[in-house]
There are 2 protein chains.
Amino acid sequence: MSDDLRARLRGKGYRLTPQRELVLRAVEKLRHATPDEVYAEVHADSSAVNISTVYRTLEVLEELGLVKHAHLTDRAPTYHAVDDHEHFHLVCRNCHGITSVDPTVIAAGTQRLRDEYGFEPDLGHLAVFGECAQCRAEREENTQS
Amino acid sequence: MSDDLRARLRGKGYRLTPQRELVLRAVEKLRHATPDEVYAEVHADSSAVNISTVYRTLEVLEELGLVKHAHLTDRAPTYHAVDDHEHFHLVCRNCHGITSVDPTVIAAGTQRLRDEYGFEPDLGHLAVFGECAQCRAEREENTQS
DNA sequence: TTCCATGCAAACACTTTGCACCGTG
DNA sequence: CACGGTGCAAAGTGTTTGCATGGAA
């Protein structure tokens with residue numbers, strides 16, 4: 001487990017450190033987490049990791065392809081582990097709820113982007129903003145103009 | 001022209017000011033601009049507008065539906081005028097080039113999001129990250145392993 | 001023993017806020 | 001002339017960097 005991580009790191013001249021392992025485990029555990037949340041999670045395990053190390057580590061892990069980030073809010077980016085099956089996100093502007101969606105749902109469109117624009121989309125990074133079913137329903141109830 | 005803006009503002013109890021008009025014109029002229037870029041553009045016309053007023057004004061204009069923002073970089077948001085025909089963006093991770101795409105290209109997928117998830121996507125805010133045709137070609141050239 | 005990695009603190013980039021004054025309606 | 005808007009400066013977030021020390025290989 002940790003040997004795989006070590007091998008990946010070594011492949012690019014990096015070293016395996018306790019901090020790097022802790023950060024990766026935190027991202028895997030939290031599923032979707034901002035750097036701050038990763039920092040908090042790692043701190044919970046007492047053996048503190050500095051916030052700047054969290055940032056530096058997330059950068060390294062992303063370079064290795066072990067984590068990815070997407071912008072699910074107007075503020076901080078959200079990181080998730082890559083070994084989860086690839087997915088993109090629906091983000092509700094109103095309730096801020098997040099729904100993970102399988103890429104096949106928009107496969108027709110992504111294929112056209114490839115065919116017609118030569119563009120290879122990175123779906124793991126994709127966040128589609130809008131309004132979720134529940135918030136639409138609630139809003140329509142209150143809109144009896 | 002400016003009367004339409006005045007009317008829209010008044011409808012929500014806001015006032016028409018020179019600053020608000022300048023900011024809106026700047027967004028229309030620049031097409032895709034960060035708050036900083038809007039600030040610079042408005043400053044070019046000498047009659048300075050404070051940076052905090054730029055932020056406050058963009059917020060108001062967005063509330064009125066006259067402008068929209070999308071996250072085309074990891075840093076500042078990008079604003080564009082809404083009277084442009086609606087479009088979403090392809091952003092190349094490598095060269096940072098931006099391509100505007102008509103929503104019909106991904107219509108099949110957005111329809112499925114509506115049908116299967118009840119989710120109403122806001123395409124004006126959508127940014128699809130990935131790699132553009134040119135950068136793919138260049139990379140493949142250099143990858144003769 | 002060599003470098004890469006870390007902690008710390010300071011610097012940065014971007015955005016928001018409090019308050020006195022200004023100007024639209 | 002009332003009340004919303006602006007400028008200014010200061011404070012807030014989120015992120016990055018320089019440098020001395022620490023520790024993996």
Side-chain angles (χ1 to χ4, degrees), chain A residues 2-24 26-27 32-43 45-64 66-67 69-79, chain B residues 2-24 26-27 33-43 45-64 66-67 69-79 96:
Chain A
S2 145
D3 281 339
D4 175 54
L5 176 55
R6 163 178 270 119
R8 294 242 199 181
L9 285 164
R10 300 259 68 216
K12 294 229 181 184
Y14 295 124
R15 293 172 181 174
L16 175 63
T17 65
Q19 287 91 336
R20 286 178 173 164
E21 192 151 12
L22 283 169
V23 167
L24 179 55
V27 171
H32 293 113
T34 61
D36 252 10
E37 291 165 344
V38 170
Y39 176 66
E41 171 67 23
V42 165
H43 254 241
D45 279 17
S46 76
S47 57
V49 175
N50 192 275
I51 183 68
S52 55
T53 299
V54 170
Y55 280 103
R56 287 190 277 230
T57 301
L58 288 172
E59 198 180 324
V60 168
L61 294 177
E62 187 151 32
E63 183 190 345
L64 297 181
L66 293 172
V67 305
H69 80 274
H71 294 273
L72 305 187
T73 72
D74 280 351
R75 291 222 163 256
T78 304
Y79 285 82
Chain B
S2 145
D3 281 339
D4 175 55
L5 176 55
R6 161 177 271 119
R8 294 242 199 182
L9 286 164
R10 300 258 68 215
K12 294 232 181 183
Y14 296 124
R15 294 173 180 175
L16 176 63
T17 64
Q19 288 90 338
R20 285 178 175 165
E21 193 152 11
L22 283 169
V23 168
L24 179 55
V27 172
T34 61
D36 251 9
E37 291 164 343
V38 170
Y39 176 65
E41 171 67 21
V42 165
H43 254 243
D45 279 16
S46 76
S47 58
V49 174
N50 192 276
I51 183 70
S52 55
T53 298
V54 170
Y55 279 104
R56 288 189 277 227
T57 300
L58 288 171
E59 198 179 325
V60 168
L61 294 177
E62 187 152 30
E63 184 191 345
L64 297 181
L66 294 171
V67 305
H69 79 275
H71 293 273
L72 305 187
T73 72
D74 279 352
R75 292 224 164 253
T78 303
Y79 285 82
H96 302 106

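In what follows, chains are A, B, ... by sequence order, proteins preceding strands, each numbered from 1. What you see is a predicted model, and the numbers here were worked out from it, not measured in a lab.
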Legend entry - Atom-to-atom span, CD of A:Glu21 to P of D:dG23 - whole angstrom: 17 Å
Legend entry - Length of the line joining A:Glu37:CD and D:dG14:C1', which is rounded to integer Å: 13 Å
Inset, instruction - Would you mind reading off the distance between B:Leu61 atom CG and D:dG5 atom P, rounded to a whole angstrom? - result: 12 Å
Legend entry - A:Glu21 side chain vs A:Pro18 backbone, donor-acceptor pair below 3.5 Å: no
Legend entry - Earlier contact from the 5' end, DNA chain C, for B:Glu59 and A:Val60: A:Val60
Inset, instruction - Grab the CZ-P distance between A:Arg20 and D:dG22 for me, whole Å please. - result: 19 Å
Please enumerate all protein N or O atoms sitting under 3.5 Å from an N or O of nucleotides 10-14 of chain C, with distances to 0.1 Å.
none

Inset, instruction - Let me know the distance between CG of B:Leu58 and C1' of C:dT16, rounded to the nearest Å. - result: 14 Å
Legend entry - First of B:Ile51 and B:Gly13 reached from the 5' end of DNA chain D, by closest nucleotide: B:Gly13
Inset, instruction - Identify, with sequence neighbours excluded, every residue that meets ring pair (Phe, Tyr, Trp, His ring centres under 6.0 Å) alongside B:Tyr14. - result: none
Legend entry - Counterpart residues, side chain to side chain contact (heavy atoms under 4.5 Å, CB included), relative to A:Arg75 (two or more places apart): A:Thr73
Inset, instruction - Measure across A:Pro77 and A:Pro35 and return the closest heavy-atom pair with its distance rounded to 0.1 Å. - result: O-CD, 3.4 Å
Inset, instruction - Ignoring backbone atoms, establish whether B:Asn50 has a side-chain N or O less than 4.0 Å from OP1 or OP2 of D:dT6. - result: no
Inset, instruction - Do nucleotides 18-25 of chain C as a string where each nucleotide becomes B, S or -: B if the base has a protein heavy atom under 4.0 Å, S if just the sugar-phosphate does, - if no protein is that close. - result: B----BBS
Legend entry - Residue-phosphate contact under 4.0 Å: A:Gln19 side-chain N/O, C:dG7 OP1/OP2: yes
Legend entry - Heavy-atom neighbours of A:Glu59 CD exceed 12 at 6.0 Å: no
Legend entry - Bending between helix ends of the helix from C:dT1-D:dA25 to C:dG25-D:dC1 [5 pairs per end, 10° resolution]: 40°
Legend entry - Exam field: side chain B:Arg20 to backbone B:Arg15, donor-acceptor pair closer than 3.5 Å: yes
Legend entry - Nearest atoms (heavy-atom pairs only) where A:Leu58 meets A:Val67: O-CG2, 3.9 Å
Inset, instruction - Report yes or no: does B:Thr53 contribute a side-chain atom to a donor-acceptor pair with the main-chain N or O of B:Val49 at less than 3.5 Å? - result: no
Inset, instruction - Keeping the roles fixed (side chain from A:Glu62, backbone from A:His69), state whether a donor-acceptor pair exists under 3.5 Å. - result: yes
Legend entry - Residue list, side-chain hydrogen bond (donor to acceptor under 3.5 Å, both in side chains) with B:Tyr55, at least two apart or on another chain: none
Legend entry - Separation of C:dC4 C1' from A:Glu63 CD (nearest whole Å): 14 Å
Inset, instruction - Applying side-chain hydrogen bond (donor to acceptor under 3.5 Å, both in side chains), run through B:Asn50 and B:Ser52 and close with a yes or a no. - result: CA-CA 5 Å; B:Asn50 192 276; B:Ser52 55; 2.8 Å; yes
